[in-house]
Structure formats: C-alpha cells, structure tokens
Amino acid sequence: MMAAVAARELRDGEVVFVGIGLPNLACNLARATHAPRLVLIYESGAVGAVPERLPVSIGDPALVTGSLMVCGMADVFQLFLQNGRIEVGFLGGAQVDRYGNINTTVIGRYERPTVRLPGSGGAAEIAIHARRTLIVSKLSPRAFPERVDFVTSPGQRVNGRTRTELGLPGKGPLKVISDKAVLEAEEGTGEMVLAALYPGVEAKDVRASVGWELRCRARLRRVDPPTAVELRLLREVLDPKGLYLKSRGDGRTE
Amino acid sequence: MMAAVAARELRDGEVVFVGIGLPNLACNLARATHAPRLVLIYESGAVGAVPERLPVSIGDPALVTGSLMVCGMADVFQLFLQNGRIEVGFLGGAQVDRYGNINTTVIGRYERPTVRLPGSGGAAEIAIHARRTLIVSKLSPRAFPERVDFVTSPGQRVNGRTRTELGLPGKGPLKVISDKAVLEAEEGTGEMVLAALYPGVEAKDVRASVGWELRCRARLRRVDPPTAVELRLLREVLDPKGLYLKSRGDGRTE
Amino acid sequence: MTENVSKVLSMHDAIARFVHDGDTVVIEGFTHLICFAAGHEIIRQRRRDLTLARLTPDLIYDQLIAAGCARKLVFSWAGNPGVGSLHAFRRAVEGKAAPLEIEEYSHFGMVARFAAGAARLPFWPLRDYAGTDLPHANARIKTVACPYTGEALATVPALNPDVTIVHAQRADAAGNTQMWGLIGVQREAAFAATHVIVVVEEIVAESVIRSDPNRTAIPAMIVDAVVLEPWGAHPSYAQGFYDRDNDFYVAWEGISRDPATLERYLADFVYGVPDRAAYLAKLPGAQGRLAAKQRYSSRVNYGF
Amino acid sequence: MTENVSKVLSMHDAIARFVHDGDTVVIEGFTHLICFAAGHEIIRQRRRDLTLARLTPDLIYDQLIAAGCARKLVFSWAGNPGVGSLHAFRRAVEGKAAPLEIEEYSHFGMVARFAAGAARLPFWPLRDYAGTDLPHANARIKTVACPYTGEALATVPALNPDVTIVHAQRADAAGNTQMWGLIGVQREAAFAATHVIVVVEEIVAESVIRSDPNRTAIPAMIVDAVVLEPWGAHPSYAQGFYDRDNDFYVAWEGISRDPATLERYLADFVYGVPDRAAYLAKLPGAQGRLAAKQRYSSRVNYGF
C-alpha cells in the first residue's frame, strides 16, 4: 500500500534520488505504470539504472550494468544534488517530528546515545537540496514524536526557523506516506497535518499513532486502494520474494 | 643548443609539466639520453604521452593516443599542480626581468597595450606551484628588461617581496636557459646572475643582451657543447623538419 | 529506463532556439572538440552583444569577434596555438578595431569558475595569483580567509553561461553523451549552463551508451538539444574521427592579419554556405587527409 | 614513456611498510571495491591506535574496531547496508565496549573533505548543514562568507590520510590504475594521501592501460605499492569480476551481535589464515557462486 501511494506521487520524466527498499519499489512501480520516463539516481553514482534484479543495496552491481551513466560521488553531490537537478528525494528515519524533521543519528543524547543509528549518509543533503522530498515511514508514537532527539535532515521548520530563513534551496518534505494515512506539510506553518486516510482507517487511529496533537485538513481525502494492476506488479514482478513489501522501507541511504 | 642544455637539467624519473616547442624537444632529448623515466604532463590533460609525431600544440591528438592517462583540466590544476606533484615546469615569455618575473600578457599599459600577448594560460599556476621552473628564452635587452610591464608569472621577488613572503609553494625559476648563457637565481637576493657561458660567448656579450646591470657568479662555468649524440638525436630523430630548433621556444602553453 | 525522447535538432534550429542576442555563450573544448560548426551558425544567424567565454578563444572566437557577434570576451589564453596571434582579437584590444570588453583569468581561474558554476556555488577557492598582476587587471579575482588555518586563498566567481555548446564523439538521441581524448572543462561548462547543446560526430543507440556507463560525461537530463554534425569541429579535431587541420591554423595567421582577407574568408566559408555540409564541400580532400586511423581501446566487463 | 619500475609487493609487505600504529588510514570504496584483504592484513599485523576514515565504515571497519585496531572513526553512515547495524561500532559508541572516538559528517561532507585533501586546499565549501544538528555534534563543520554574495556557506576541513588503500580492477606494475563501475571517492582519497597502496584483481601490461587512457583513475606517480590480490574485496565486490556476497552481509548481523561469535569469526577467517588465498580456501563454492557474467563495453577509437 505504501509503495503504491508513493508511486502515485511521482510524475513521468522526473529525476528521483532514490534509496533501497520501499522507495526503490515505488519508483519501479511508477515506471511500470504511469511514469515510464522516470530517471532514477542513486547516491552511489548510478544514473538511469535498469536493474535486472531487485537491488539489495544502493551500491548493488545490478544498478551499474546497463545504466546510462556512472559518476563519482563528488559529482553526485556537487553536479546533481547541489546543482538542483534532483526533483524528488525519498527519506525515512527512526524519528519524524511535527515539522518533518528527521532523525537517523541517535536516540538519546549524542555523546552517549541509548541507540546509535547509522547517521546521515546523504540524507541531510537530500533534505536540503531535492526540490521536494517524500517521507516514507510507518506511524507510531515513538517514531513520530513532537520533537526529534537529533535533527539529521531538516524539515519545514527547525527551532522555529523556516526553510527560507535557513536558506535551504529545496521545498523540503511535502508529504509523509505512512502505513495508515498521508500527512501533508501545511502551507505557512509547515506543520504535518492529516490529509488522506487509507481504506478502513479512521482519523482517530492516525491521531493515536502520532506523538503530537495532529491536526486535520478541512476536507480529508480517502486514498484509493492499490489497483489489481499495482498489486500484481508489486507481488509478482517487482518484489516476488516480498523482500521489501514488509520492510520498514527506510533503507534510504546505503 | 638551448634544447640540449635544458635537457641536461632534467633528472630521471622527474615529473615535468611541459609545453610545446623547445621544452618538449628538451624533454624528449632527455628521455632519449639520460632520463628514460621522465614523466611528461601537458596542461591539456595528457599524462605519460608517447607521441608518434612531433606535437604541434599541447592539445595534439598524438599526445593522447597511447598515453598513460588523460584527465580533465580541473584535475590537471587541482590534483597535479596545486597538489604539488609537478617537479619541473618550463616557462618562457616576451619579457623576463631581473628576478625572473615573466610577462606574457601585454607590452605597454594593460588597458591600452601596444602589443597584446596571449596571456597567462597555465603559466601563472606553473610559476606558483611547480617545485622548480626553468625559463627558456633568447637574450635581448627588450626581452630582458629591468622590470616587466606586467607580472603574469611571479619569479623570485615581486615588488621587493620574496616568494616566501608571498606564500608561493614552489621554488620558482632557478635558471634561465638562453641562447648565449645560463643565468641562475642567486640565493638570498633571488636576482638572476650569469652562471655559465656557452662556447665562444664572453660575459660582455651576455651583459650587452640584458636590460639590467647583470652580475656574475664568482666562478663562471663553461657549458659543454652539445655532444654528437645530442645533435644527431635533435636533428635527425626528434625534430628532423627543424620545426622547433629555430623557434623562440616559448610556445609553453597552448 | 531513460528520457527516451529525442532531442535531435538541426544546427540551425538549435542555435535559433537556444542562442539569443546578449547571451553569455560558451563553446568549450581545449584544442580538441571545438565546435566550429556552431560558431559559424551563430555568425550566420547574426547574433549580437554576446559575452563569449572559454579558456582559449582560439580561431572560432576570433571569427565571432571579427563577425561582430561579441560584446565581451572572458578568457585565459588568447593566441593561435603553436602559430601566433588571434589578429581580430588583437585589433579590438589594441584599439585598431571596434572595442571589445575583456575579463581575463589564468587557465586555473577559468577552470575554477566553471567548477563553481557546475556545483552551483558562488565562488571557488584556489591557491593562485599571489605575486601576479592579474588581480589588478581583474577586480573579480578576490581572496577568502580559510576558516581553519586563517590563510588567504584566491577566489574566482562562478561562471554560469546562458548556453554551453559541447562537441563530443557520440550521444544517444536523448543527449546521454560520451567523449574521450582531451576533455578539458566540457563537463563543468555543461553542468554550469542554463541550456546545453550537444553536437556529435554520431548519434548512437542507447544500448551503446549503456554498454559503458562510466564513459558518459553528460547525462540527458541537462541536455536541451542534440545536433548530429559530422566533422563539426574542423579545423579542430575529434579523437578517433579526424585529426586537427594544423595547416588551416597556420593559414589563419595570414587570413586574420588583414581584415579584408578575413572578411572574404567569412563571406566564402560562413555566410556563403547554408550549413556544415556545404562548408565541407568547399574543402575537397580535407576529409581524406585528416581521417583518423584505428587505435581501439581494450574492452572492460560490466557483468556481475 | 613511464615510470616503468615495478612497485608490486605482497599484501603483507605493503601493509608492513606503509601502515603504522597511530596512522590515519583510509580504505575507501562505496559498497564496491572495498579492500577486505587489506583490512584483514592490518588486523593480522595488529596495528593499533589507527584513525579510520571512510564514508561507510561497513563490515571491514566493524572488524577493525572489534579487533582493537582503531582509536578513532571518521565517517558519515555507519550501518550494514540493507541489513542493519554494525554491532562492534555500536557497542563502542553506546558504552558497552572499549570507547571509540568519533568524528561525524554527512556523505557530502566526507566527499568534500577528500576533495579538499586531493586539491591540497585547507577547506572545501558546500551548501549544507543549515538546520541540521551535525555542526553541534562536530565543531569542525564551520562556515565561510562568500567574497561575492556575502552568503554563509558551510565548510569542512581537508582530510589527508597517511595512507589510502584503493581496490581496483586492474593496474600496471608501476601503479597506473583503472577502475569502472561505482568509483565513490577512491580517486580523491588517493590524491589526498601521503602514501597510496593499490590492490588489484589483475596486473595488466602497460599497453592495456595505454589503450584507454581516459579510463585511468590513478597515475603511477602517486602510487607506492601495487598488490595483486584476486577476490581481495570479498564480501564486497568487483564489477566484472565477482558479485557482492550479500549472504555474508546478512550473516554479519548475527556474527557481530555477539562479541564471542565475532571473536571466533576473526580467529577463524583473519588470525587463523596467513593470507587471502587461505581465506578463500575456507569459502568453498563462494567463487563459483559469485563469479561475474560477461557484459562487455563497446570499444572506442583513440586513433588520429
């Protein structure tokens, strides 16, 4: 479901900075349906990959063989990301807060964390430079606190300062695609608000899974369930082994 | 003669940033005699070239075919020159002054020159970063003024400031290899002084061809004439058409 | 997966659509892959007030200057490689012809300007210019203090052309471009530009590009037009296709020295021909004389 | 023309000569071409107090940390790609094992540190870190004011390792090195280092290198030692030679979770073997399972 909803967010011909897991699946689903001309770029330097197998890491050799271009990482970050060529970036993380700030660094104090997470990788740069980002993450009060323990990737507002005030080029996280609903960044406040519910989910279920007083859009949308085509592609073609369809889908960076 | 003297300045295995004309000839002569392991780098990005014909420009395709490496010019200047990998650089110019400052930019005022010369190309960077440079130029009062009209490539002292004071990494021009004699930068003062005379040349001839009060080393050396081997290689093998043996040899940069 | 839409245009249409009066135009290529065909089309379409930028103006910018297309020149070495002067340039700068504004750097400075433009940074730091008179001649060469060591480093401002024209050996119809031999600053100049025109010796199937992705220098996503123009770099050259026409570079000394002779050259070989094919038809024997011999690379395996 | 002197050494001798206690050591390679063989030899030779730097510590640095070789880690993403955690690293940082000093950046920050080191500049500017907590966690992330626009840009300091170890597909005996597939920051890391060890799948004739000079990533002049070590990157991979051993990456979760199991792994596969050949002998079937299929690049012509 998350993969199908994420796929629908992508427009044909867009340049997407993609990671492994659900984002990769979503991109391939989009390519197989409405966006055949999507251009996938991996932080590892592969551009226009056509993997013959489901890549298990963003450095998978299958992303290189038959790709359109392979470049060094200085080029990935300077000539593509900082250059402003990336239209969509996918992000995920252990914690996502009210303003879409993401923490993939530590749970607890940085100096002596209770849980040490992998860190930024390229997430900070994607959050700063991609023209827009989509956060893909399952809802839970622990995963969606009022405030993250550490801001690895800036969202719509950090310590009260907007992206414009911070001088961040990209629009930041416009949507959170979760397992229950879609949240959207509210114009002006930049606060993540409930925008659309998945079939069979009620607003209260979503509120109960978020660590802050979640507000709702005036008119709540209902997300269409995955079509038969989407389901067949996902289950039979794109991820027959179910490698990612049950994953947390935040394997964004290597 | 100039080519032979320049060739003798090169040690086996050195990395030389070389231009077209006499410097190129000198390097090939050195490789054919005492320095077979000389590594030639051209500003155009060719490393370890083995040209099948005498290159007419530093961008000659013959410098690419069969070379060890071809890189972009950002690499040439950042990874090789600024990185400090170049041991010897050749320079030439319309004007060379008392301290080895070189002008390849303008004769007269910059805003309204009487003669507009090509400009720096990579000369300024070679003069600044090569561990040592060799100036190859024919002597004449006009070509060797007390002070150049424009400092394109800094020598041992600019407006009284030493290279150390200016923060220049390389040792700068240690020798001027001319058509009559070899001048050397005097330790301490950095002034170019007469160090060695070619066969049949007297100190007064050299003084008469230099625009400042040329001083002499306490003990003047005599340069050995080109050996039969050197002459044969130059005339029959390296430059049979005499393309460069009569040139000004300041085609250093493209 | 690809932008498999064709961006193939004729040279006429590519220049007409992407090069406008007053633009900052870059035709790069260091000795190698200099797109004379594009320069000639710009002259034919009588563009005016252009700011022309490249490291070595070479004969192509000397021709654009002579044709009155240029208002300003940004450069680092203005000569005829291995021959002598660019006389149209010299006449303008020495006050013997219509004036030309100049902005001058060293090669490293120009390379750094393109690098900053390609990375979309406002400046680039380099260890350069101390002791030279270039900063006195060009106020845009400044310094910055290192936040760690405190030392002063030189800086140059980013260069972001309105359009960069890159000549290359091959590309697919969408603009995924591969080049080899001397590559100069072609990649940086392309990534720094608002619009990119790629001119190639041959348009190949996407599968050829995909067989060697590390060879791809410019991705389709930054390319606006792909022009097929065999021999489009003559008298410059294309490694593996044709040699440099050194005789013409030598001849330019005589042609450019006298304004009338230069005018006649432009009348015959630029204004007087509709396109590159007609230009080549006026050079009988050139292709036979300059065609490249075969020296193929060894292959590599991309399998897993 | 070349430095045609051979620099070929055994892995044992290369590590013994160029890696010393207290050194800053970089074994780079982004997923691809990670030289596990060199890491294992460093463990066998019991180097201590090393500062280990790379973007993704990966299993190889988790092993070096577990073996007690590391004093400090400089990194930007410390996880087991697609699997989970690096448990030796986590135990050290979470206070459950001998402490490990860390210096943390994002990928772009680490890339920029190597770029500055390779260009021998003291810093590199980048548009990054605004709004993130990384500068609070790492005081070496600073800002500089653009001399042209006045805007504040982030900076990172140069990283210049004592030794960088690069794994590649092929090199000649002098060290002219060619690689393809994902190249990460291997070139920058090599040019930034005082000493460079190149480890290759095959040593080829100089003529192979010369047949495709644009493919050369690292020139002999910056290389100190060339080590021939087929399968030296396993369980990482070498495009065109062997696939990544994803099963082992998955297995590492179990191995590294329990210190005793990890110790046993090191005893069996690192301390327990004299060299790479013996290591491979303990992995029957791996080579057959992972050997690469053939997908050759199209050739290009370098003639003129």
Side-chain angles (χ1 to χ4, degrees), chain B residues 20-21 43-46 55-66 70-74 76-78 81-82 101 103-106 110-125 127-129 148 150-155 158-159 161 163 166-169 251 253-254, chain C residues 29-32 55-56 58 75-83 85-86 89-90 93-95 104-112 114-115 126-134 136-137 151-152 180-188 217 236-240 243-244 246 249-250 292-293 295:
Chain B
I20 292 311
E43 172 178 274
S44 55
V56 306
S57 87
I58 56 171
D60 195 300
L63 298 174
V64 168
T65 314
V70 173
C71 61
M73 291 180 77
V76 169
F77 288 104
Q78 296 188 121
L81 257 174
Q82 189 169 262
N101 297 304
N103 172 19
T104 53
T105 304
V106 287
Y110 182 82
E111 297 68 25
R112 178 57 98 84
T114 42
V115 181
R116 172 66 220 203
L117 304 164
S120 166
E125 290 86 42
I128 288 168
H129 289 285
V148 292
F150 188 99
V151 178
T152 311
S153 309
V158 187
N159 303 326
R161 303 182 67 198
R163 292 182 67 90
L166 291 164
L168 306 179
T253 181
E254 162 161 10
Chain C
F30 193 81
T31 319
H32 184 213
L55 276 65
T56 60
D58 205 85
F75 72 104
S76 47
W77 193 82
N80 180 345
V83 178
S85 296
L86 300 176
F89 160 78
R90 278 189 59 183
V93 176
E94 293 171 4
E104 182 169 8
Y105 299 84
S106 61
H107 277 350
F108 193 6
M110 283 295 286
V111 167
F114 281 120
L126 59 163
R127 198 171 261 115
D128 207 349
Y129 299 120
T132 75
D133 282 334
L134 278 160
H136 307 131
E151 70 192 295
W180 54 94
L182 302 178
I183 52 177
V185 291
Q186 304 243 51
R187 285 184 86 220
E188 293 85 350
S236 171
Y237 72 101
Q239 196 90 34
D243 195 358
R244 188 167 182 262
N246 295 313
Y249 273 82
V250 171
K293 293 171 222 61
R295 281 287 295 273

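Chain letters run A, B, ... following the sequence lines, proteins first and then strands; every chain starts at 1.
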Proximal component of [X], with respect to chain C [non-hydrogen, under 4.5 Å]:
X      : result
B:F150 : both
B:V151 : both
B:V70  : side chain
B:P55  : neither

*side-chain contact (heavy atoms from CB on, under 4.5 Å) involving B:A127 - partner list, sequence neighbours excluded*: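 Counting only residues at least two positions away or on another chain, B:A127 forms a side-chain contact (heavy atoms from CB on, under 4.5 Å) with B:L91, B:S153, B:P154.
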Given side chains that start at C-beta, do those of [X] and [Y] come closer than 4.5 Å, heavy atoms only?
X      : Y      : value
C:F108 : B:M73  : no
B:I58  : C:F30  : yes
B:V56  : C:R244 : yes
B:T65  : C:Q239 : yes

Part of [X] within contact of chain B (heavy atom distance under 4.5 Å):
X      : answer
C:L134 : both
C:N246 : side chain
C:A137 : both
C:E188 : side chain
C:F114 : neither
C:F89  : side chain
C:L86  : neither
C:S106 : both

Non-hydrogen atoms of [X] and [Y] that approach each other most closely:
X      : Y      : result
C:A130 : B:I128 : O-CD1, 4.1 Å
C:Y237 : B:P61  : CE1-CB, 3.4 Å
B:G119 : C:W77  : O-CD1, 3.6 Å

*So which of C:V111, C:V83, C:V185, C:L182 has the biggest tally of heavy-atom pairs under 4.5 Å with chain B?*
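With the most close heavy-atom pairs to chain B, the winner is C:L182.
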*Heavy atoms only, distances under 4.5 angstrom: which of C:R295, C:E104, C:Q186, C:R187 has the most pairs with chain B? Name it, please.*
C:E104
*Counting only N and O atoms by type, is there a donor-acceptor contact under 3.5 Å from the side chain of B:H129 to the main-chain atoms of C:R127?*
yes
*Where the side chain of C:E94 meets the backbone of B:P113, is there a donor-acceptor pair that is under 3.5 Å apart?*
no
Reported [atom1]-to-[atom2] distance for the pair [X] and [Y], which is rounded to 0.5 angstrom:
X      : Y      : atom1 : atom2 : value
B:S120 : C:H107 : OG    : NE2   : 7.5 Å
B:N101 : C:T132 : CG    : OG1   : 10.5 Å
B:S44  : C:I183 : OG    : CD1   : 11.0 Å
C:D128 : B:E125 : CG    : CD    : 4.0 Å

*Considering only heavy atoms and a distance below 4.5 Å, find which of B:L166, B:D60, B:V115, B:T105 pairs most often with chain C.*
B:V115
